[in-house]
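Remember, it's a predicted structure, so these values are computed and weren't measured experimentally. For the single chain, residues carry numbers from 1 onward in sequence order.
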Amino acid sequence: MNDINTEILGWDLIGWDSDEQAAHVTGLNRVEILRIRDLFPGRDDDCLEPAVYEVPPALYSAMQSAIPHLEFREGLEYQIGGFLL
């Protein structure tokens, strides 16, 4: 794992509209990130923290299986990433 303390991190799943506005934002916690991190094989970290990752529609179902409260809205492009609290 990177040297980042995951206790001071937060994560967001962000749906961007065609005007590049954040139209749908869902906050995620560390436990939820651990459930889905393996869906992103190209990551170079353990907790999706230093970068933003594209979430293609092909992952929506798997992500909802792991985190049932997730919602994906039609017409939005999704990304997930971590940030310091």
Side-chain angles (χ1 to χ4, degrees):
M1 187 164 163
N2 294 343
D3 292 334
I4 297 174
N5 177 356
T6 60
E7 299 301 316
I8 60 169
L9 288 175
W11 294 266
D12 283 331
L13 174 68
I14 303 171
W16 300 93
D17 66 18
S18 59
D19 293 326
E20 298 184 11
Q21 299 294 314
H24 181 222
V25 179
T26 303
L28 300 170
N29 63 43
R30 183 179 185 278
V31 171
E32 292 169 328
I33 288 299
L34 293 176
R35 289 182 193 159
I36 62 169
R37 69 181 176 183
D38 292 336
L39 296 174
F40 299 87
R43 66 184 165 76
D44 59 357
D45 55 81
D46 286 335
C47 291
L48 304 174
E49 74 267 2
V52 173
Y53 297 88
E54 221 173 294
V55 179
L59 290 182
Y60 294 0
S61 179
M63 289 181 67
Q64 287 174 312
S65 291
I67 307 171
H69 73 84
L70 288 184
E71 177 186 340
F72 294 93
R73 297 182 183 167
E74 191 173 329
L76 300 181
E77 293 183 12
Y78 284 87
Q79 294 179 326
I80 193 166
F83 57 89
L84 292 175
L85 295 174

- Task: Carefully, step by step, assess Leu59 and Ile36 under the rule side chain to side chain contact (heavy atoms under 4.5 Å, CB included).
- Result: CA-CA 10 Å; Leu59 290 182; Ile36 62 169; over 6 Å; no
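- Inter-residue side-chain proximity for Leu84 and Leu9 is flagged as met; some heavy-atom pair is nearer than 4.5 Å.
- Smallest separation of non-hydrogen atoms from Ile80 and Phe40: CG2-CZ, 3.9 Å.
- Although no hydrogens or angles enter the test, the distance criterion places no donor-acceptor pair under 3.5 Å between the side chain of Asp19 and the main chain of Gln21.
- The side-chain heavy atoms of Tyr78 and Arg73, taken from C-beta on, include a pair separated by under 4.5 Å.
- Atom CD of Glu54 has 12 or fewer heavy atoms from other residues, nucleotides or ligands within 6.0 Å.
- Contact annotation: the side chain of Glu32 never approaches that of Leu70 to less than 4.5 Å [non-hydrogen atoms, C-beta and beyond].
- Of the inter-residue distances, the one linking Trp16 atom CH2 with Leu76 atom CG reads 11.0 Å to the nearest 0.5 angstrom.
- Leu34 and Phe83 fall into different hydrophobic clusters, where Ile, Leu, Val, Met, Phe, Trp and Tyr residues are linked whenever their side-chain heavy atoms come under 4.5 Å apart, directly or through other members.
- Within the 4.5 Å cutoff, side-chain heavy atoms of Met63 are placed close to those of Leu39.
- Residues Asp12 and Gln79 form no side-chain contact, since every pair of their non-hydrogen atoms from C-beta on lies 4.5 Å or further apart.
- From Arg43, atom CZ reaches atom CG of Asp38 across 5.0 Å, with rounding to the nearest 0.5 Å.
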